[in-house]
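Please read the structure below before turning to the comments.
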Amino acid sequence: MEESKGEEWEPKILAFCCNWCSYAGADAAGLERRQVPPTIRVIRVMCSGRIDPAFVLMGLLEGADAVLVTGCHIGDCHYVNANYKTRNRYEFLKEFVDELGLEPERLWLRWISASEGSLFAEMVREVTEKIKKIGPSPLRREWKK
Amino acid sequence: MKLKSKYYLAWAKDEKIRKKGANGGFVTATLVSALENDFIDAALVFEKKSVYEGIPVLTSDPEVVKKCAGSLHGVPINLTRFVVEYAAKKRIGLPTKPCDARGIIEQAKRRQVNLDNIFMIGLNCGGTLHPLRMREMAAVFYGLDPDSVVREEIKEGKIFLISEEEGGEEKEKWMKIDELEQKGYGRRDACKSCTVKIPTMADLACGNWGVPQGEEKTFVEVCSEKGGAIFENAMESGYVEAEEAPGKGIEARKKIEAGMQKLAASWKERMDEVSTLSRSERFEFYVDELKNCIHCGACKAVCPVCACEDDSKCLDMNDERDSYAISMYNVLRIFHLMDSCIHCGQCEDVCPVDIPLTLIQRRFSERMQRHLGYVPGMDITEKPPLYETELRWSARVE
């Protein structure tokens, strides 16, 4: 985890985006030429209900400094009610991450619709800032140079 | 005849059963009666090999059931997975500790067994002993040769060990449970901190709490319609005799339960070494303990709640080559049990590298269950919250 001195440490943030809303929202942020910090890595899934808690946990174990779970607003899901399930599972993840001894800020749940490009950019900025404050994840693994 | 009350004092009519079984042999007599009167196809009982060893036997022979009477505190096995594996299609009857009954109900929620086919005779449980610790205990504190111990008994806060000397003479020694537990012996960790002492989720709840002193009878609480029907039938067919329990007995039983629960709560606090740690220390503790895991899968094989069999996510997604700080196997197992763990401690018993799984599972699952307002294994109508679409209302209101 030794970074070369002088260079600022950049967090690595994993984002799960649903195909219909938040991924389109991320697209919209680009179309609108909004600045999005380059800390984010997006994984597209068809629906936020597809995000198995295991994916989130694996992301954390792989060393992501934060994991974002994003999807359509409640009631807008393209698969009837799958984002209700996401919300339910997120509640479990929150307790798990907290008990494990990771900071609760390493886990985020946001609803972003296809037209909310600004919200997406703002969210990534906010997460990056928070993570920079609390530092790298204790699970982070990097090759030593 | 219709049952008038919920609480009874009952005993076996057959003198042989009365002598062999504990507290009047009610449980054995009821099982035999259920077998003979075709309520069940088979009974699941323990064949005693020694005080440290018992083998679960599935039998339709009443004589075998009679032979297996008596309690075994040194065999802390949970019968749930045995029932799922060998008796899911049969109508069976079995004596259950609270954790057995809760495990079976959790499996029924996951459609592994049909609760209509299972007749559970619940036994009040003050706790069980780990056989290896018990051997040590016999040698160190009782000064006995562990192999010479032929019987064990727990009553009035004391553990009695009865050994057979050369020449067939029996010797009885006892020590206070409290004293033993202060020194780290006595009951298992999971039992020390367990607050479910009376199995009201089973069909009948039996035990000796609330029985007047000196009487060889069993206090029976009728907890379900099926339990009532079988109890009634056992009385009608002359296997069991019963009288209504006196009010004093009911009170006394409640008092004992409350006392045990209070003690369990204090043990829970005392044994929770993690609660005093800071966040980062806690993280280190979990990583430190779980990194010893060799992924043998024993904890999963005995877990009374787990129903995923061999294609489970925790095994499929685990890869030793990942070399994560905590393996996917452990992370997923803990995660999946957060809503459903019944704190039976089977996982710790079988763990070959002695990970304190009782404590770890309890830490994770108890806060989630409190948050959800959900107690697993109590009510068949309540689905496991992780599989629900909506959050339970009790967690939503905040």
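Each chain gets a letter, A, B and so on, in the order the sequences are listed, and its residues count up from 1.
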May I ask you to check whether over 12 heavy atoms, not counting those of [X], lie within 6.0 Å of atom [atom1]?
X: B/D310; atom1: CG; answer: no
X: A/E32; atom1: CD; answer: yes
X: A/R34; atom1: CZ; answer: yes
X: B/Q182; atom1: CD; answer: yes

Give the C-alpha distance, both sets of side-chain angles, the deciding distance and a yes or no for salt bridge (charged side-chain N to carboxylate O under 4.0 Å, His left out) between A/R87 and B/E390.
-> CA-CA 8 Å; A/R87 191 169 62 175; B/E390 288 267 3; 3.7 Å; yes
If we only count heavy atoms from C-beta on, is the A/D98 to B/R282 side-chain gap below 4.5 Å?
-> yes
Less than 4.5 Å apart, any side-chain heavy atom of A/L60 and any of B/V331?
-> no
Answer key: most heavy-atom pairs under 4.5 Å with chain A among B/M317, B/H336, B/E284 is B/M317
Distance, nearest 0.5 Å, that separates [atom1] of [X] from [atom2] of [Y]:
X: A/L100; Y: B/I360; atom1: CG; atom2: CD1; value: 10.0 Å
X: A/F92; Y: B/F335; atom1: CZ; atom2: CZ; value: 7.0 Å
X: B/Y324; Y: A/M58; atom1: OH; atom2: CE; value: 4.0 Å

A/N88 side-chain N/O to B/Y387 backbone N/O, donor-acceptor pair under 3.5 Å | no
For the side chain of A/N81 and the backbone of B/T389, is there at least one donor-acceptor N/O pair under 3.5 Å apart?
-> no
A/L61, A/L93, A/L57: which one forms the most heavy-atom pairs within less than 4.5 Å of chain B?
-> A/L61
Among A/K94, A/E62, A/R89, residue most engaged with chain B (heavy-atom pairs, under 4.5 Å) | A/E62
Shortest non-hydrogen contact from [X] to [Y]?
X: A/G101; Y: B/R279; answer: O-CG, 3.3 Å
X: B/M328; Y: A/A54; answer: CE-O, 3.6 Å
X: B/R367; Y: A/E99; answer: NH1-OE1, 2.9 Å
X: B/A325; Y: A/L139; answer: CB-CD2, 3.5 Å

Using non-hydrogen atoms and a 4.5 Å limit, figure out which bit of A/D52 sits close to chain B: side chain, backbone, both or neither.
-> side chain
Need one label for [X]: side chain, backbone, both or neither, based on atoms under 4.5 Å from any heavy atom in chain A.
X: B/S278; value: neither
X: B/I326; value: both
X: B/L332; value: side chain
X: B/E388; value: both

